[in-house]
Amino acid sequence: MFRYILRRLFYMLITLFIIATVTFFLMKMLPGSPLSAEDKLSEEQKAIVLEKYGLNDPVPIQYLRYLGGLVKGDLGVSFAFDNTPVTKILMDRMGPSLQLGFQALLIGSFLGIILGLIAAVFRNGAIDYTSTIFAVLGSSIPNFVFAGLLQYVFAVQLNWFPVALWGGFEYSILPTIALMIFPMATAARFIRTEMVEVLNSNFILTARAKGISETGVVFRHGLRNGLIPLITVLGPMAVSMITGSMVIEQIFAIPGIGEQFVTSVTLNDYPTIMGTTLLFAFLFVVIILIIDLLYGLIDPRIRVSGGNN
Amino acid sequence: MKLKNWALLLAFGLLLSVLVACGSGDDSAKDSSDNAAQGTENTATDGEKVLNFVNGDTIPSMDPSLATDEFGFQFLGTTMEGLYRLGENAQPQEGIAIDHEVSKDGLTWTFNLREDAKWSNGDPVTAHDFVYAWQRAVNPDTGSEYGPYMMNGVIKNATAISTGEAPVEDLGVKADGDYTLVVELENPTAYFESLTTFGTFLPLNQKFVEEQGDKFATSSDTLLANGPFLLEDWESTSNSWNLVKNDDYWDADTVQLDKMTYEVVKKPQTGVDLYEAGTVDRAPLSSDLVDQYATHADYTVEPQTSIFYLKMNQTRNEALANTNIRAAISKAFNKEAIVNEILNNGSLVANGIIPADFARLPEGSSDAGKDFREVSGDLVTYDLEKAQEYWEKGLEELGTDTVELELLGDDSESAKVMSEYLANQLSTNLPGLTVKLKNVPFKQRLDLDTNMDYDLVVSGWGPDYLDPYTFLNLFLTDGENNRMGYSNPEYDELVNATTTDLATDNVARYENFLAAEKILFEDAAIAPIYQKAVAQLVSPKVQGVLVNPFGATYEYKWASVGSAE
């Protein structure tokens, strides 16, 4: 198991290295420069300013210099925020995004599982149809539409929550709900489909025949099997948290990282683009590793072969 | 079993490590909630005059030498003061300078500084602070964009210094004692007085800046103010901050506001929701929101001084080298419809290159005090009949009956709609014309523009100082921003004379400007479209805020809080 994890960590490093490389060269292909008064400066003047940032050197040299800094944990200094290290931008902005992402992912999938379970147990009944309609709506309505609705109804009209901005926990409620709709709907759909199948299989019949209570059947024998496909989609769900946050953070004026990422790209703020991309990539590979380890917990059959050693 | 335990432990370990990261996020959230709570407490305090605003983005830099954007210049202008400050009708008012004398040749400006101006650390503001700041702005090691842009060709030796060919000490700015600043100019510059209000020309306390090093101006603690307000609770990545009255400001008695709070809100809809909830006192409206709020009691339109126009590249497509074809294009689209239906935010139709309410004719001219735009009149209007006449003539001269042009524009939603409308108008109104659209990101548009790789492009320009030259120098032969192959020796002569032979004769300069603008449109060099305006909801609480035609958009020195209804 240890070996397996070590190997995975090594692969993670390689993945991050490849992502860093590809992003670096893609980013260099973006038109324009990080100068903000680009339309006002002469070519000569531009060159003088770019020299200061080391942007006149050949791209491979810039790349090696960047990698060198990266190994030392130095992500560079932002071009847009003068003299502000990228690490500081990431640290300052990561908090709200992580909080929202985890709240949405945890609450969303938990509620989704409950919803899916109920639908499966009472399949083809009114509850099932309601929950299915809800799930379809949830995964097809874009979250920014939903966010706008929540904001208007619960904040502007009813005054139950703050309209926007970031402060205490109450500020995170509406954005979390907007963000969790997708994982909730996805989880509900997967769990329902899987549970309907599982509850019809022979081992459930056996379990029932052994006289185990219905709750026991559903939760101990059914849900554990039904969860596997859900874990598979946890990865894409986590990604949707990241992409979703870019829009949601704008709507609720939250100082998060997703929103910062979009801004950096439009400004050609190279160090910040690299920093945020690597952070997203890192979170993603960590989540995938966690998911792979979870598989083993839930279904011993999928347990990694390395474990035998 | 053993295996299962290991897996459990590891999975939870990993989960925990991520959650710890999340936990630290909670801390920062708490911090900002404390700030927010503080903000509301202060707002509620009786008798305090507080205004609450949204800001379209963070403040990327509070370093006067490095600032390039709207917000940087806005908050520099509010917290700092240069030689002069723009007051009502953009008239320069006393700042750190009390008055100045200009030498006969217009090349030497001597400013007398006040002796009671202080930095927020208690140091006096002296002439040396200006010398240091201006040298820093053109020093190539600083990497300033606006320093060379604003000073080259204006301050003596700036160009040579900014390219590293001369030492910074050679810059034409010297302190004569602590309170006299002597500035030598490269050419007589009639608008120099208004230029000294601009962010790049603000003074800097050398000792403080050098002490802070790389950290200078990256947070409230690492910057100094000498203006009406102090910036508090700010770091370069902050999404909220406050401006508080500076009691040490030399003219603190004039300043009425105690505090202004700011929150970064990028979505206009969110800003409006906050406005409706009473959280903020001003919210900008995007054109889709205008329809909904145009009848709102607090709806206001604030005209600005940016002009948007169609550049016609004469070097890539031979049709555009033909004056009649260009004249036809410049008259063939309905600007009224663009302003009312597409922009829908109070923007004005532009029929010239100098914006309305920007420059007034100087004392001594026959139309003294009148707006430049009014005197110059409508130089190119939407006129379908004329347009088709020119078009026929142009086609005949070219010996063809079809023309294909590419229209380049930004890829933002509103820019796309604008391009589509223009393309549709042009190809409908001018028989035989096909317009292909090319919408690209802003930076790429600039690239294509610089490389003259376009036929038509929607371009915009905002003034950098209070003089028509800021617009008219764009179209000088081989000007950095011409980039469309336009050249007319007569135009060049008229415009260049305003900075050389006629530089000290403002009346003659304006005559030249008027004549040059006429030539520009006789040649149909460009096709003006609109002058930008911003639609907003502004609470009646917000009183006495001045809107500047360049530099810091808003001036709060004379602002106050009115009654809410």
Side-chain angles (χ1 to χ4, degrees), chain A residues 1 5 30-33 35-42 44-45 48-49 51-53 80-84 88-89 92-99 102 148 151-152 155-156 159 163-168 171-172 250-253 255 259 263 266 268 286 289-290 293-294 296-297 300 303 307, chain B residues 3-4 6-8 10-11 14-15 18-19 21-22 24-30 32-33 36-37 57 60-61 63 66 68-69 140-141 143 145-146 148-149 162-164 214-218 235-237 239 263-267 269-270 273-274 276-277 279 441-444 446-447 480-481:
Chain A
M1 193 68 191
I5 304 243
L30 281 174
S33 69
L35 302 182
S36 26
E38 221 176 340
D39 51 340
K40 306 206 165 186
L41 296 179
S42 66
E44 195 188 12
Q45 210 60 58
I48 290 172
V49 181
E51 185 67 42
K52 191 202 162 201
Y53 294 108
F81 296 105
D82 290 319
N83 285 334
T84 306
K88 180 172 164 41
I89 300 180
D92 286 359
R93 293 304 185 94
M94 206 162 60
S97 299
L98 281 182
Q99 188 188 341
F102 275 97
Q151 194 179 41
Y152 183 73
V156 178
N159 257 324
V163 173
L165 307 181
W166 192 244
Y171 287 86
S172 74
Q250 283 218 357
I251 294 177
F252 289 99
E259 189 263 341
T263 316
T266 52
N268 280 2
V286 168
L289 179 60
I290 296 176
L293 293 175
L294 277 178
L297 269 185
R303 208 160 280 169
Chain B
L3 187 76
K4 194 174 171 182
W6 269 115
L8 253 174
L10 275 164
L14 277 168
L15 249 174
V18 183
L19 282 174
C22 169
S24 70
D26 277 346
D27 286 347
S28 70
K30 261 181 220 125
S32 55
S33 88
D57 212 327
S61 182
D63 183 334
L66 296 180
T68 44
D69 71 307
D141 295 339
E145 293 178 50
Y146 258 77
Y149 177 66
S162 70
T163 48
D214 277 352
K215 289 204 173 65
F216 172 66
T218 54
E235 290 180 56
S236 55
T237 52
N239 264 41
E263 296 279 356
V264 171
V265 173
K266 296 189 181 180
K267 287 252 171 213
Q269 177 69 57
T270 309
D273 289 345
L274 287 166
E276 295 276 38
T279 317
F442 174 69
K443 291 271 183 185
Q444 192 176 353
L446 288 185
D447 256 15
E480 279 301 334
N481 287 288

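Chain letters run A, B, ... following the sequence lines, proteins first and then strands; every chain starts at 1.
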* Asked: Do you know the tightest heavy-atom contact between A:T263 and B:K266?
  -> OG1-NZ, 3.0 Å
* Any side-chain donor-acceptor pair under 3.5 Å between A:T84 and B:S236? -> yes
* May I ask you to name which of B:V265, B:T279, B:D214 has the most heavy-atom pairs under 4.5 Å with chain A? => B:D214
* Structure fact -> If one checks every heavy atom of B:V264 against chain A at 4.5 Å, the contacting part turns out to be backbone
* Top contributor to chain A interface from B:A217, B:G164, B:G143 [non-hydrogen pairs under 4.5 Å] -> B:G143
* Structure fact -> The reported gap from CD in A:E51 to CG in B:D141 (rounded to nearest 0.5 angstrom) is 10.5 Å
* Which bit of B:F442 comes within less than 4.5 Å of chain A, counting heavy atoms only: side chain, backbone, both or neither? -> neither
* To do: Measure across A:I48 and B:S162 and return the closest heavy-atom pair with its distance rounded to 0.1 Å.
  => CD1-O, 3.2 Å
* Smallest separation among heavy atoms of B:P60 and A:A80, with atom names -> CB-O, 3.1 Å
* Under 4.5 Å from a heavy atom of chain A, the part of B:D273 involved -> both
* Just how far is it from atom CD of B:Q269 to atom CD of A:Q250, taken to the nearest 0.5 Å? -> 13.5 Å
* Selection from B:E276, B:K215, B:Q444 maximising heavy-atom pairs under 4.5 Å formed with chain A -> B:Q444
* **Nearest-0.5 Å distance, CG of residue A:L165 to OG1 of residue B:T270** => 9.0 Å
* Asked: Can you find a pair of side-chain heavy atoms, one from A:R93 and one from B:N239, that are under 4.5 Å apart?
  -> yes
* Euclidean distance, A:F81 CZ relative to B:L66 CG, rounded to 0.5 Å -> 14.5 Å
* Structure fact -> If one checks every heavy atom of B:L274 against chain A at 4.5 Å, the contacting part turns out to be both
